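Encoded as structure tokens, the structure appears first; notes follow it.
These numbers come from a predicted model, not from an experiment.
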Amino acid sequence: MGATTTLLPFSMGSEGHNTVSIRKPRFLCLHGFRTSAEIHKTQMHKWPQSVLDELDLVFVDAPFPCSGKSEVEGIFDPPYYEWFQFNKEFTEYTNFDECLKYIEECMIKYGPIDGLLGFSQGAILSAALPGLQEKGVALTKVPKVKSLIIIGGAKLKSPSLIEKAYSSPIICPSLHFLGEADFMKPYGNELLESCFEPVVVHHPKGHTIPRLDEENLKTVLSFIERIKKIPENEQ
């Protein structure tokens, strides 16, 4: 896939997960456009340790080096990566199939993966994958995605992918973060319409991974307790 890619199997709050009898839900974490696994891991530290300790988070770099200016330049250090490229209208994608294959390889390498946690471009991808998997066009070599955590997400707009990704409701448990000041909020609301009983966290910030206030903390912990009860019957 071009330049060398770096997998960063960062794990938060997962010390000793190989020795405990009950495995924490393991999420493959997909970062935002033109950022990195390292940046995503730093952003997630906004969440309390009490939440991070309940999850096994595996962070990976996207497969393609940044092909333009990153919005986080000057805030976070490079290198930066992107999952796929797209036109101005976000209707045509380049390297999308290669991206799907790469995510599947990561799920095999760091599996068993229970869910996907995505921010921004990573959230758009994460939300589309259960439907694409159901249709047999992605993630055919790994167990079904059991849950989603979507931060600043939206739907894909490629006509060829819309039918495959969203023709049926996304039935796996999903937790969505919508920022009142986020330019993506209308698109995040559209995504909710394709999800079966989504759990929604509203926050006052923009397009960012937000800190959790007391109410939102309860919502997140409740969601985690729910997904912990999903049987491991799809290996």
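The two residues Leu221 and Ser50 have their closest heavy-atom pair at CD2-O, 4.0 Å. Summarising the geometry of Gly152 relative to Asp182, their closest heavy-atom pair is CA-OD2, 3.9 Å, with the distance given to 0.1 Å. Residues Glu180 and His202 share a closest heavy-atom pair of OE2-ND1, 3.7 Å. Scanning both residues, Gly153 and Ala123, for their nearest heavy atoms gives CA-CB, 3.6 Å. Of all heavy-atom pairs between Tyr80 and Val72, the closest is CE2-CG2, 3.7 Å. Here the closest non-hydrogen pair linking Ile170 and Ala127 is CD1-O, 3.4 Å.
Taken together through direct or relayed side-chain contacts under 4.5 Å among Ile, Leu, Val, Met, Phe, Trp and Tyr, Phe196 and Leu148 form parts of separate hydrophobic clusters. When hydrophobic clusters are built by joining Ile, Leu, Val, Met, Phe, Trp and Tyr residues whose side-chain heavy atoms come closer than 4.5 Å, directly or via intermediates, Phe27 is grouped together with Met44. Using a 4.5 Å cut-off between side-chain heavy atoms of Ile, Leu, Val, Met, Phe, Trp and Tyr, with links allowed through other members, Val137 and Tyr102 fall into the same hydrophobic cluster. Both Leu125 and Phe90 are part of a single hydrophobic cluster, where members link through side-chain heavy atoms under 4.5 Å apart. The hydrophobic clustering, which links ILVMFWY residues whose side-chain heavy atoms are closer than 4.5 Å, places Phe33 and Leu129 together.
Side-chain contact check for Ser67 and Gln85: no donor-acceptor pair (N or O, by modelled atom type) lies under 3.5 Å. Between the side chains of Lys41 and Ser36, no donor N or O sits under 3.5 Å from an acceptor N or O.
Checked for salt-bridge contact, Lys109 and Glu105 miss the test: no charged N lies under 4.0 Å from a carboxylate O. For the pair Lys24 and Asp56, the salt-bridge criterion is not met [side-chain N within less than 4.0 Å of a carboxylate O]. Taking a cutoff of 4.0 Å between a charged side-chain nitrogen and a carboxylate oxygen, Lys164 and Glu134 do not qualify as a salt bridge. In this structure, Lys228 pairs ionically with Glu225, as a charged nitrogen and a carboxylate oxygen lie closer than 4.0 Å.
Annotation: the span from Ile151 atom CD1 to Thr208 atom OG1 amounts to 9.0 Å, rounded to 0.5 Å. Interatomic distance, Gln49 CD to Glu54 CD, rounded to the nearest 0.5 Å: 10.5 Å. The line from CZ of Phe64 to CH2 of Trp83 is 10.5 Å long, rounded to the nearest 0.5 Å. Here CG of Leu28 is found 6.0 Å from CG of Leu116. Values are rounded to the nearest 0.5 Å. For the atom pair CG (Leu212) and OG1 (Thr219), the distance works out to 9.0 Å, reported to the nearest 0.5 Å. The CD1 atom of Ile124 sits 9.0 Å away from atom CG of Leu191, with the distance rounded to the nearest 0.5 Å.
Here the side chain of Asn95 pairs no donor or acceptor atom with the backbone of Glu98 at under 3.5 angstrom. With Trp47 contributing its side chain and Pro210 its backbone, the two residues share a donor-acceptor pair below 3.5 Å. Under a 3.5 Å cut-off, the side chain of Gln121 and the backbone N or O of Phe84 do form a donor-acceptor pair. Remark: side-chain polar atoms of Thr140 are not paired, donor with acceptor, to backbone N or O of Gly136 under 3.5 angstrom. Checking side-chain atoms of Tyr81 against main-chain N and O of Gly32 turns up no donor-acceptor pair under 3.5 Å. One N or O on the side chain of Arg34 and one on the backbone of Lys69 form a donor-acceptor pair closer than 3.5 Å. Judged by distance alone, with hydrogens and angles left aside, the side-chain atoms of Thr42 form a donor-acceptor pair with the main-chain N or O of Glu38 at under 3.5 Å. Looking only at distances, a side-chain donor or acceptor of Arg26 sits under 3.5 Å from a matching main-chain atom of Tyr110.
Residues Phe96 and Leu161 form a side-chain contact, since some pair of their non-hydrogen atoms from C-beta on lies under 4.5 Å apart. A heavy-atom distance below 4.5 Å is found between the side chains of Lys135 and Ser168. Ile230 is listed as a side-chain neighbour of Pro173, based on a closest heavy-atom distance under 4.5 Å. Here the side chains of Lys146 and Cys172 are not in contact, with every heavy-atom distance at 4.5 Å or above. Residues Val60 and Cys106 are in side-chain contact: their nearest non-hydrogen atoms beyond the backbone lie under 4.5 Å apart.
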Leu139 and Leu132: CA distance, side-chain angles, deciding distance, side-chain contact (heavy atoms from CB on, under 4.5 Å) verdict: CA-CA 8 Å; Leu139 308 186; Leu132 295 176; over 6 Å; no
side-chain contact (heavy atoms from CB on, under 4.5 Å) between Ile150 and Leu175, worked out: CA-CA 6 Å; Ile150 304 296; Leu175 174 65; over 6 Å; no
Criterion side-chain contact (heavy atoms from CB on, under 4.5 Å) on Ile108 and Lys141, from CA distance to verdict: CA-CA 8 Å; Ile108 292 169; Lys141 299 174 184 175; 4.2 Å; yes
side-chain contact (heavy atoms from CB on, under 4.5 Å) between Leu192 and Val200, intermediate numbers included: CA-CA 9 Å; Leu192 293 180; Val200 184; 3.8 Å; yes
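Tyr93 and Phe86 have their aromatic ring centers separated by at least 6.0 angstrom.
Atom NZ of Lys218 is surrounded by 12 or fewer heavy atoms from other residues, nucleotides or ligands within 6.0 Å. Annotation: Glu71, atom CD; neighbour count of heavy atoms from other residues, nucleotides and ligands within 6.0 Å does not exceed 12. Within 6.0 Å of NZ in Lys205 there are 12 or fewer heavy atoms belonging to other residues, nucleotides or ligands.
Between His203 and Phe177, the two ring planes are tilted [angle within 30° to 60°].
Residue Phe119 is tested with His31, His176, His207 for a ring-ring contact (aromatic ring centres under 6.0 Å, His included); the sole match is His207.
For Lys155 and Tyr187, the positive end is not near the middle of the six-membered ring at less than 6.0 Å and at most 45° from its axis.
For Glu89, the side chain to side chain donor-acceptor pair (under 3.5 Å) criterion is met by Asn87, not counting sequence neighbours.
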